[in-house]
Amino acid sequence: MLVLENVSELLTMDPTPVAGALPRGEALLAGIPKAAVLIDDERIVWLGPESERPAIPAGAAQVIDCHAGVVTPGWVECHSHVIYGGDRAADFDRRSRGLSYEQITAEGGGIQTTVDATRGASLDALVAAALPRIERLERHGATLIEIKSGYGLELAAELRMLEAIRRLDALVSADLVATFLGAHLVPREYRGDRDGYLSLVIEEMLPVVAERGLAEFVDVFCEEGAFSIEESRRVLEAARALGLKTKVHAEQLTSSGATAMACALGATSVDHLDHINADDIALLAASSTVPVALPGATLFLGKSSYPPGRALADAGKVPALSTDYNPGSAHTANLPLMTTLACTNMGLSPAEALYGVTRAAAAALDRSDRAGLLRVGGPADLVLFDLPSYTHIPYDFGGNPVKRVMKGGQGIV
Ligand code: NIG
Ligand code: FE
């Protein structure tokens, strides 16, 4: 038995829904002041106010004093691209001198540069390069991490990326979720034959990925310069027919109708959303699709088009938040920084931002019953902060406020 005591605020992220809708404001957190948690065999066996804690015989438990700090559920990184070869520091340098991300992509750089480096990397090399990136996410609170393929764009290299995720899952403490992103870009050798590449993705890659159980989700980069609405729909429908769940990179750089298409297809999440409009927000509110905001990408690309977090939350859909950790558009593992950006640039409150990196992000991975919340019987995945109250998490900006991370009751950070 393990006891966490002297917790100033225990954020369970498990509010009782009022007539199906989420409560507003701080009630989202379902916080318990002056709390304690009892853990046995990787699970939470009790949580509540310290004053009501069941008596435990002396010596029967290991006690961790949280020094009047805050405890949250393990954080969820629901959108990352951490498997890749090489880096894009040279792109960053060019962007700093005025070239845009879109121009670099159109000139055959950007994602294609990472594709070249990833195709040239062995399975061992991909695993070795990704391991410290995942550990960096863990140090920033993540106990559940989604990782996409999409830098192979040919059968063997896409499978190698997914195989790397499988190997890493056995090496790291966090749980990993794999997403197949074969439709990330039309690779150089198919530039004159888009349909040929789509057939490769739909007829050759998807069936192998599904048959080998290498991915739970299929994602598409639906954007000018990547895949059109119609092309994206073809990939997503094929994925669904194979029993795979879907996600869409939607309206990151332009407004396109991708959100409406994804909602109509029952996608689990739509991600980025920098350019969605009021109609898209209404559609999202009426659907089961989870909006995912990636403000680190907006920041790192030097744009001002942050996703409309306030309008989404007002419509009853507090967006999930993640880093989008990748070599081109968001080279960071700093999940807490995303909560700051959500407050300063998306109009979310600290409470909503913290819900976004936990329970909402778990919903974006179809795990809202299992992750991103603290509940008796659930896994003891927790993050401890040496801070007096939860508002200090986004307020403590730019560094890493995480003090300790536990996965299944074991300290991992
Ligand atoms: O989420 N938008 C497409 N994919 C990534 C960027 C990938 C890259 O630039 O390497 C994103 O921003
Ligand atoms: Fe992405």
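The first residue in the sequence is number 1, and the count goes up from there.
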State, to 0.1 Å, how close [X] and [Y] come at their nearest heavy-atom pair, and which atoms those are.
X: I104; Y: G110; result: CG2-N, 3.4 Å
X: A142; Y: L335; result: CB-CD1, 4.0 Å
X: L11; Y: P73; result: O-CD, 3.1 Å

With heavy-atom distances below 4.5 Å as the criterion, would you say the side chains of [X] and [Y] are in contact?
X: V76; Y: T358; result: no
X: M406; Y: T143; result: no
X: L29; Y: M13; result: yes
X: S173; Y: E138; result: yes
X: V405; Y: R139; result: no
X: P308; Y: I276; result: yes
X: L374; Y: V37; result: no
X: V357; Y: T339; result: yes

Would you say the side chains of [X] and [Y] form a donor-acceptor pair under 3.5 Å?
X: T298; Y: D274; value: yes
X: T179; Y: E216; value: no
X: E26; Y: Y390; value: yes
X: T114; Y: R88; value: yes
X: D271; Y: H249; value: no
X: E77; Y: T323; value: yes
X: R119; Y: Y151; value: no
X: H81; Y: D324; value: yes

Supply the atom-to-atom distance C343 SG to F397 CZ, rounded to the nearest 0.5 angstrom. 12.0 Å
To the nearest 0.5 Å, what is the distance between CD1 (I32) and CD (E9)?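 Spacing of CD1 (I32) from CD (E9) equals 11.5 Å.
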Can you tell whether the side chains of [X] and [Y] come within less than 4.0 Å, N to carboxylate O?
X: E102; Y: K303; value: yes
X: D175; Y: R367; value: no
X: R97; Y: D93; value: yes
X: K34; Y: E5; value: no
X: R375; Y: D369; value: no

Using modelled atom types and a 3.5 Å cut-off, is there a donor and acceptor pairing between side-chain atoms of [X] and backbone atoms of [Y]?
X: R240; Y: L265; result: yes
X: R160; Y: G152; result: no
X: S149; Y: L162; result: no
X: T268; Y: A364; result: no

I'd like to know whether [atom1] of [X] has more than 12 heavy-atom contacts from other residues, nucleotides or ligands below 6.0 angstrom.
X: R404; atom1: CZ; answer: no
X: E50; atom1: CD; answer: yes
X: K245; atom1: NZ; answer: yes

Report the C-alpha distance between M1 and L38 in whole Å, list the side-chain angles of each, state the deciding distance to 0.1 Å, and finish with yes or no for side-chain contact (heavy atoms from CB on, under 4.5 Å). CA-CA 7 Å; M1 181 88 78; L38 305 192; 4.1 Å; yes
R167 and side chain to side chain contact (heavy atoms under 4.5 Å, CB included): which single residue from D124, L176, L126 fits? D124
If the test is side chain to side chain contact (heavy atoms under 4.5 Å, CB included), which one of I165, I145, I134, L131 qualifies with V82? I134
So E163 and R212, salt bridge (charged side-chain N to carboxylate O under 4.0 Å, His left out) or not? Walk me through it. CA-CA 10 Å; E163 194 56 51; R212 298 194 193 167; over 6 Å; no
Test: K247 cationic atom under 6.0 Å from F217 six-membered ring centre, within 45° of axis: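 Yes, K247 lies over the aromatic ring of F217.
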Would R233 and F227 count as a cation-pi pair here, with the cationic atom under 6.0 angstrom from the ring centre and within 45° of the axis? no
Does T259 form a side-chain contact (heavy atoms from CB on, under 4.5 Å) with L284? I'd like the steps, not just the answer. CA-CA 8 Å; T259 302; L284 275 164; 3.8 Å; yes
Between R95 and D91, does a salt bridge (charged side-chain N to carboxylate O under 4.0 Å, His left out) hold up when you go through it step by step? CA-CA 6 Å; R95 287 202 284 109; D91 277 10; over 6 Å; no
Derivation and outcome, side-chain contact (heavy atoms from CB on, under 4.5 Å), residues M261 and S232: CA-CA 9 Å; M261 180 269 295; S232 302; 3.8 Å; yes
Report the C-alpha distance between Y355 and W75 in whole Å, list the side-chain angles of each, state the deciding distance to 0.1 Å, and finish with yes or no for ring pair (Phe, Tyr, Trp, His ring centres under 6.0 Å). CA-CA 10 Å; Y355 191 85; W75 287 23; over 10 Å; no
Intermediate values then yes/no, side-chain contact (heavy atoms from CB on, under 4.5 Å), T332 and L299: CA-CA 11 Å; T332 183; L299 176 84; over 6 Å; no
